[in-house]
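In listed order, ligands and their atoms are each counted from 1. In this text the structure is predicted, and so the values were computed from the model without any measurement.
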Amino acid sequence: MKALKFHGAWDVTLSEVPDLHAIGDDDVVVDIRYCGICGTDLGIVAGSYPVAVPGVTLGHEASGVVAETGAAVTTVAPGDRVVINPTPYCGRCRMCQTQRINHCVNKHGTESGVSYDGAYAGRYRTTSAFVHRVPDHVSLRAAALTEPLSCVVAGARKLQPPSLTAYTYVIGAGPLGLLYTWVLSLKGLTPVVIEHSPARLDFARDRLPAGSAAYASLDEARAKHFGDPHAPLDVVVDTTSALLEELFPQLAHGGTYMSIGLKEKLATIDTMLLADRSLSVIGSIDSLHGSFVEAFHLITSGRLPAERLVSEVVPLEEYRRGFAALGCDIDGRQFGPADQASCKVLIAPGALDD
Ligand SMILES: [Zn+2]
Ligand SMILES: [Zn+2]
C-alpha cells in the first residue's frame, strides 16, 4: 500500500509499504477512504510544529471501511463504514484521570500521524474502541470531519460567555473557524466570522448557521452587523492565533480571547487589564472526554452540515496539490498563497465511492 511518510522538515515521500493486517485480538484495520488535511499536518511538514517522529505516516482525520478485525472484536466487522478516533489515551495517568485526556502523558507512540503511523495511507490499524460505525445516511466525507469537530467541541466547553447575547467573533473562515461558528451557534451564541480572503468569505457565507454572518474585517463586522463601530468584543475565537496583542486591550470587560492555532508567537499582555477587566485568555488543543462521540452525533444527526465544509477531495498520489491548496508548497519548501477558496481538503487514498 502507499503511505505518505514524514522524514523531516519539508521532507515527505509517498512510499510503498507493506499492507497492514490485524495482529492483536482487538485490532481493527481500516481501508482509508478520506483523511482531512489539518493545520497540524502543515506545521509538521514545514517543521514549525516539531512533534512528529521521522518515518511516521502522516494523517489523523480519517474515515474508511473495515478491512480486517482481530478475533475478539464484536463491535465492527469487515465491510463496515467507520470513522476513526485518532487520539488514544491510556486512562491511567494523572492527566487522563483528571479529565485531560488530550494531555495524556503516555500518548507518545500512539498519536496518529505524529508518533504512530497515520491515515494518509491505504490502511490504518487501531483497536475496536477507537472506531465508530457510520450510519448509512452519513457520507464518509462528512464523517472525516469528526476529529476536527471534536477539537472544536472540546474548545467550546472551555468558553464561558457572560451571556447568550455576548458579541462573539470568530477570526478566520477555515474549517476550524466554520466549525467553531456552528458549535457556538448550537450553544446559543450568534458568532460573526472575520475572513479577509474574498473567495473564502464567499465559501463561508453559504455555509453559516442562521443569524451568523461573515465579514472581511473586524471593523466591518462591528459596524455592519452590530451597527456600532465600537461594538464590544465579548468573545473572540482566533483560529489564526495572530491577534492576541492587538485584540487583548480591546476586549470588553469580562471578555474572552481564545487561541487555537498552533503558531509560535510571543505576545505581551497587560496583567493589570487581565485582572481589572476580568479578562480570560484561553487555549485549547485536541479532544476531551466524550468530545469525539459528541462531535460524531452532531454530524450524524445532521445538526451540523459537515460535508458542505469540504472544498476539495484529492487522490493520495496528488497530495502535493492538496497541501498546495492550503498554501503549503512542499517542493518549494515554503508557504505561498493558499488556493483562496479552500476550506477542508480531504486526501483520498482509495476509491471515491462514498
Ligand atoms: Zn486535525
Ligand atoms: Zn493517560
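- Under a 4.0 Å N-O distance rule, the pair Arg321/Glu312 qualifies as a salt bridge.
- Relative to the six-membered ring of Phe203, Arg205 misses at least one condition, a distance below 6.0 Å or an angle of at most 45° to the axis.
- For residue Cys151, no N/O/S atom approaches the Zn ion (ligand 1) to within less than 2.8 Å.
- Panel note: side chain Lys5, backbone Ser15; no donor-acceptor pair is recorded below 3.5 Å.
- Across Arg222, His225, Glu220, a single residue satisfies side-chain contact (heavy atoms from CB on, under 4.5 Å) together with Val192, and that is His225.
- Across Val12 and Val45, no two heavy atoms sit closer than the pair CG1-CG2, 4.1 Å.
- Using a 4.0 Å cut-off between charged side-chain N and carboxylate O, Glu307 and Lys344 make no salt bridge.
- With respect to the Zn ion (ligand 1), Glu61 has OE2 as its nearest N, O or S atom.
- Closer than 2.8 Å to the Zn ion (ligand 2) sit the protein N, O or S atoms Cys90 SG, Cys93 SG, Cys96 SG, Cys104 SG.
- Residues Arg123 and Glu68 are paired through a salt bridge, judged by an N-O separation under 4.0 Å between the basic side chain and the carboxylate.
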